[in-house]
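Worksheet: one structure, shown below.
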Amino acid sequence: MTLAEMAVAVAEELKAASAGQPSEVIANTGGGSRHRGLPEDLRQRFIDVRGALFEIGIFDPVLVRFDSATAPQASTAEIADELGLVAAGL
């Protein structure tokens with residue numbers, strides 16, 4: 001499976017996981033992606049895909065906000081949308 005295919009798959013799963021979840025669920029959690037209530041394997045696959053993107057020089061400021069403790073976290077839906085856009089450009 002290519003990085004683009006993995007990114008699309010993770011984006012689709014994140015979008016499904018965020019359905020009906022208000023974005024405020026993430027606000028003020030103090031950082032850390034475990035506060036999102038995602039299945040551990042999905043959380044880890046996102047982190048792996050984001051790491052692979054970093055390795056090829058793709059840094060996206062929205063994807064960083066998945067588990068940032070220093071910037072407001074993006075909602076899971078925002079992360080899914082942005083990952084989909086990044087994947088489309090690969």
Side-chain angles (χ1 to χ4, degrees):
M1 183 178 282
T2 68
L3 178 55
E5 292 168 335
M6 290 183 339
V8 167
V10 169
E12 289 173 357
E13 288 184 58
L14 287 171
K15 189 168 286 214
S18 70
Q21 179 189 55
S23 61
E24 298 82 35
V25 169
I26 304 307
N28 301 315
T29 61
S33 56
R34 287 197 168 96
H35 293 283
R36 292 178 179 276
L38 297 171
E40 181 60 24
D41 67 315
L42 176 55
R43 187 187 75 81
Q44 188 59 54
R45 280 186 290 127
F46 171 80
I47 292 169
D48 292 344
V49 166
R50 184 182 60 183
L53 291 169
F54 288 170
E55 287 178 8
I56 62 170
I58 298 174
F59 175 85
D60 187 282
V62 175
L63 299 183
V64 171
R65 293 175 43 218
F66 179 74
D67 52 8
S68 173
T70 59
Q73 289 189 330
S75 70
T76 302
E78 289 173 302
I79 296 290
D81 291 342
E82 189 68 16
L83 184 57
L85 291 172
V86 170
L90 292 175

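Note that the coordinates shown come from a computational prediction; the quantities given were computed from them, not determined experimentally.
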Check: Under 4.5 Å between any side-chain heavy atoms of D67 and R50, yes or no?
Finding: yes

Checklist line | Heavy-atom closest pair, residues A87 and A4 | finding: CB-O, 4.0 Å

Margin query: Run R65 and E82 through side chain to side chain contact (heavy atoms under 4.5 Å, CB included) and show every step you take.
Written below: CA-CA 11 Å; R65 293 175 43 218; E82 189 68 16; over 6 Å; no

Next item on the list: State, with a plain yes or no, whether a side-chain heavy atom of L90 is found less than 4.5 Å away from one of I56.
Entry: yes

Margin query: For K15 versus S18, what's the shortest heavy-atom pair and its separation?
Written below: O-OG, 3.0 Å

Item checked: Cluster overlap L83 with V64, hydrophobic side-chain contacts below 4.5 Å -> no

Check: Which residues pass the side-chain hydrogen bond (donor to acceptor under 3.5 Å, both in side chains) test with Q44, sequence neighbours left out?
Finding: D48

Note to self: So that I can tick it off, tell me whether E40 and R43 are bridged by a salt bridge, with the cut-off set at under 4.0 angstrom between side-chain N and carboxylate O.
What the structure shows: yes

Check: Taking the side chain as C-beta and beyond, is there a heavy-atom pair between L53 and V86 under 4.5 Å?
Finding: yes

Note to self: Do L38 and L14 make a side-chain contact, defined as non-hydrogen atoms from C-beta onward lying under 4.5 Å apart?
What the structure shows: yes

Margin query: Between L3 and V8, is there shared hydrophobic-cluster membership here, with clusters defined by ILVMFWY side-chain heavy atoms closer than 4.5 Å?
Written below: no

Next item on the list: May I ask you to decide if F66's main-chain N or O and R36's side chain share a donor-acceptor pair within less than 3.5 Å?
Entry: yes

Checklist line | Shared hydrophobic cluster, F46 / V62 (ILVMFWY, side-chain heavy atoms < 4.5 Å) | finding: yes

Notebook entry, point to check: Does one hydrophobic cluster hold both V49 and M1, with members joined at side-chain heavy-atom distances below 4.5 Å?
Noted result: yes

